[in-house]
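Computation of the quantities below employed the complete heavy-atom set of this structure, encompassing side-chain atoms and omitting hydrogens, waters and symmetry-equivalent molecules. Below, read A as the first sequence line, B as the second, and so on, with proteins coming before strands; counting in each chain starts at 1.
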Amino acid sequence: MAAHVRALAIEDLDAVMSIERLSFPAPWTRSMFAEEISRNDRVWLAVEHDGELLGYGGAMLVGDEAHVMNLAVAAPARRRGIGRALLSALLDLLVGRGAHRITLEVRELNEDAIALYESAGLHDVGRRPGYYRETGEAAVIMWTDDLESPGAAARLEVLRREAARALALHGMPRGAEIVLAIETSCDETAAAVLRGGSELLSSIVASQVDFHSRFGGVVPEIASRKHTEAIVAVVDEALADAGAVLGQDGPLAFAQLDAIAVTYGPGLVGALVVGLAYAKGLAMAAGLPLVGVNHLEGHIFANTFLDPEVEPPLVALLVSGGHTSLVYVPHWGEYRTLGETLDDATGEAFDKVAKVLGLGYPGGPVISRLAEQGDPAAIDFPRAMLNSGDYSFSLSGLKTAVINHIRHAREAGREIDVPDLAASFQQAVIDVQVAKALRAVQECGVSTFCLAGGVAANRALRDALSRAMEPQGVHVSVPPFELCTDNAAMIALAGTFRLRSGEFLDLAAEAVPNLRLDTH
Amino acid sequence: MSRLVLAFDTATEQVALALGSRDGDRVTTLLGRDFPAPRAALGVLLPTVGELLANAGMTISALTEIVVGRGPGSFTGVRIGVATAKGLAHGAGLPLYGVSTLDALAWRFRDHDGLLGVVGDAMRGEVYPALYRIACGYVERLTPEAVAPPERIAQEWAALDEPLLIAGNGLVKYADRFGEVGRLAPPESWSVTGEGLLAAYAAHLVSGHAGSGDPGALLPIYTRLSDAEENERTRAVGSDLPDSGVAGPGGGS
């Protein structure tokens with residue numbers, strides 16, 4: 001559980017007094033604090049972590065000005081941004097209560113404090129010599145500019161972000177962080193709980209496929225509606241399973257979590273919005289940091305779940321119903337897309353061919369199953385862009401060729417050997433993908449290759465990649481079958497990485513339906 | 001001890017929020033914030049909730065219940081409000097209650113006496129209509145949630161032999177049509193307010209229709225199926241299609 005800011009209460013005064021006595025040469029008395037926090041023209045806040053008081057601060061409001069009177073952080077918690085978090089929350093609250101300018105005095109030799117106040121936009125405007133009798137030091141008098149001015153507002157925004165990060169990471173049990181992940185980018189409502197970046201405590205996927213199948217594809221409006229209906233129950237189930245795995249009585253509580261991770265793109269915008277809106281509400285209410293995850297990064301991270309050898313630099317082939325791309329990963333968190341499909345995604349092509357053959361939706365897996373019994377050399381379908389010299393893919397020409405083949409056969413009254421057709425179509429896809437993937441691995445000089453996305457469940461593609469690469473000394477990683485199609489476990493894996501790098505979404509975050517993987 | 005209610009609605013281009021204090025079934029608005037935010041609700045909603053709480057000198061832990069506008073309105077807009085409310089209520093362990101966005105607007109007119117017609121903009125040349133009788137500060141709903149062409153509703157309302165006051169963001173497009181069948185409220189009163197949400201919620205408390213409070217059970221009011229399902233119905237007129245269970249007009253609690 002992250003540290004959080006709350007109102008200071010009378011019950012805190014024992015803890016306050018022990019920090020106060022160790023922080024100041026002339027500490028306030030207990031009765032001074034009791035009097036202060038009871039007054040309406042005062043604002044007093046505390047930072048707490050796991051029931052322990054880490055610091056406190058308070059200010060007095062006078063008209064449209066405020067005077068910060070006290071701010072202290074317990075010695076063991078210093079230099080970790082807790083003072084910054086207190087100051088940020090205090091300033092926000094004071095602005096909310098109508099303060100336009102804020103002032104304070106600080107000991108002239110307290111350089112850390114002066115630096116903190118300067119970062120919040122307070123300037124040194126003068127001295128009161130000998131103000132601190134106990135040490136003989138002068139007080140530095142500091143004032144902010146008008147906090148409604150654009151410059152000051154921007155500075156407060158930066159401070160707010162740093163504060164959120166400091167609170168989120170405080171006391172984070174590195175290696176044992178518990179992350180709840182939420183995924184709603186397409187037609188699966190999913191939630192998962194992961195501990196320490198590797199131990200999956202639960203993973204729930206509520207598939208909507210039955211609601212979409214009779215329309216021959218995902219209907220975005222139905223997907224969004226189903227996410228809205230299912231999201232609370234899916235999260236409850238993930239928490240219940242995680243509680244059971246940990247052997248506790250009842251579900252995992254939100255207070256046991258360290259962060260919430262959520263997919264914020266790419267995907268169907270209306271579907272993403274449901275998961276993101278819910279996750280933001282959850283994070284705000286439970287006082288948890290929110291980590292945004294790129295859905296595609298999640299697919300790549302799915303490889304790390306059972307395969308400890310997966311370490312960048314690596315090349316990943318992302319193949320799903322919505323994507324087909326080759327990505328170079330020099331380090332975790334840095335991605336360079338080498339090439340992608342110019343038209344249909346791989347999974348989409350499989351589904352469309354299945355539809356023409358009357359195999360229902362989603363037909364991709366059916367094609368793969370039928371292909372196992374067919375002859376991949378029976379029909380010579382085009383290998384589009386095989387020798388294009390780049391990493392682009394095109395699948396619509398192949399799809400059209402397959403559809404034409406079917407039409408001609410039907411017109412001529414020839415019976416179609418469906419397994420042969422499926423195997424030949426699949427082989428045409430595989431030949432191009434394997435060739436380009438192999439060349440990418442060689443050109444990037446990497447010895448690890450990852451297959452990712454829903455089509456990674458295709459056994460023929462897995463086998464072909466292994467056969468082509470392993471003799472070259474390249475380690476080929478494929479995710480476990482249940483982590484190939486959309487799920488939240490992969491979002492938790494990538495989310496834990498983002499959490500450890502201290503990257504958070506704020507409550508103003510928007511869904512980004514065409515979110516890119518590339519950082520530059 | 002009085003309870004603290006957070007209410008918001010993002011079903012239309014107007015974002016409406018309020019903090020209220022509740023004593024039994026009496027709800028008083030403490031602070032409200034209503035502003036237009038076309039296509040921006042997801043980004044502005046929770047930061048505004050944070051500001052509202054800060055202005056009241058409170059944190060989220062002081063809340064005792066959440067109220068959300070369930071629509072009808074823009075499908076995505078409604079879901080932004082409902083999904084955010086589900087997250088807040090679930091994460092804070094609070095009960096979540098829903099009110100109709102049209103009812104919330106109607107409660108802005110509680111000082112009126114007589115009939116009130118509300119038309120929400122349903123896009124695609126249609127409106128979400130609702131008729132209310134207002135007397136002695138109480139707003140009683142007379143018609144169920146629906147979606148219909150404005151001409152048909154205007155005709156129906158023209159046949160009422162009683163003076164009618166009309167409001168709602170549907171008037172932005174159809175003021176001329178509805179101006180012929182009743183008196184139009186001033187345009188600044190055509191959108192939903194946080195205070196209206198709290199008043200509609202208080203009416204549910206009085207009538208005992210507030211719902212279960214289960215954040216998982218609360219659902220948006222759509223009144224329409226998805227396009228794919230509507231087209232399927234049109235094609236299959238006369239045949240008995242199973243309901244997909246996706247979009248019942250009343251939908252949930």
**Q** How many angstroms lie between atom CD of A/E157 and atom CZ of A/R160, to the nearest 0.5 angstrom?
**A**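 Nearest 0.5 Å value for the CD-CZ distance: 4.5 Å.
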**Q** Select, from A/I260, A/V232, A/V273, the one with the greatest count of heavy-atom pairs under 4.5 Å involving chain B.
**A**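 Going by pairs under 4.5 Å, I would pick A/V232.
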**Q** Select all residues of residues 44-53 of chain B having any heavy atom within less than 4.5 Å of some heavy atom of chain A, and report them by number, or 'none'.
**A**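 Heavy-atom contacts from residues 44-53 of chain B to chain A are B/L46, B/P47, B/V49, B/G50.
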**Q** Strictly distance-based, threshold 3.5 Å: is any side-chain N or O of A/E162 a donor or acceptor partner for the main-chain N or O of A/L159?
**A**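 It does not hold such a pair.
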**Q** I'd like to know if the side chain of A/S202 reaches the main chain of A/D241, judged simply by a donor and an acceptor atom lying under 3.5 Å from each other, with no hydrogens or angles considered.
**A**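 It does not hold such a pair.
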**Q** Just checking, any donor-acceptor pair under 3.5 angstrom between side chains of B/D34 and B/T193?
**A**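 Not at all, the side chains of B/D34 and B/T193 share no donor-acceptor pair under 3.5 Å.
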**Q** Thinking salt bridges, do A/R225 and A/E229 make one under a 4.0 Å N-O criterion?
**A**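 Looking at A/E229 together with A/R225, the answer is no, because their closest N to O distance does not fall below 4.0 Å.
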**Q** Does A/A223 offer a backbone N or O that forms a donor-acceptor pair with the side chain of A/Q208 under 3.5 Å?
**A**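 Checking the backbone N and O of A/A223 against the side chain of A/Q208, a donor-acceptor pair under 3.5 Å is found.
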**Q** With only heavy atoms counted, which part of B/L42 is less than 4.5 Å from chain A, the side chain, the backbone, both or neither?
**A**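 When you check distances to chain A, atoms from both the backbone and side chain of B/L42 fall under 4.5 Å.
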**Q** Where does A/A233 contact chain B at under 4.5 Å (heavy atoms): side chain, backbone, both or neither?
**A**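 A/A233 has no heavy atom closer than 4.5 Å to chain B.
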**Q** Under 3.5 Å, is there a donor-acceptor pair between the B/Y222 and B/R79 side chains?
**A**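 Per modelled atom types, B/Y222 and B/R79 side chains form a pair under 3.5 Å.
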**Q** Among A/E188, A/H212, A/K226, which residue meets the side-chain hydrogen bond (donor to acceptor under 3.5 Å, both in side chains) test with A/S207?
**A**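 Checked A/E188, A/H212, A/K226 against A/S207; only one passes side-chain hydrogen bond (donor to acceptor under 3.5 Å, both in side chains): A/E188.
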**Q** What part of A/V219 gets closer than 4.5 Å to chain B, counting heavy atoms only: side chain, backbone, both or neither?
**A**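 Only the side chain of A/V219 comes within 4.5 Å of chain B.
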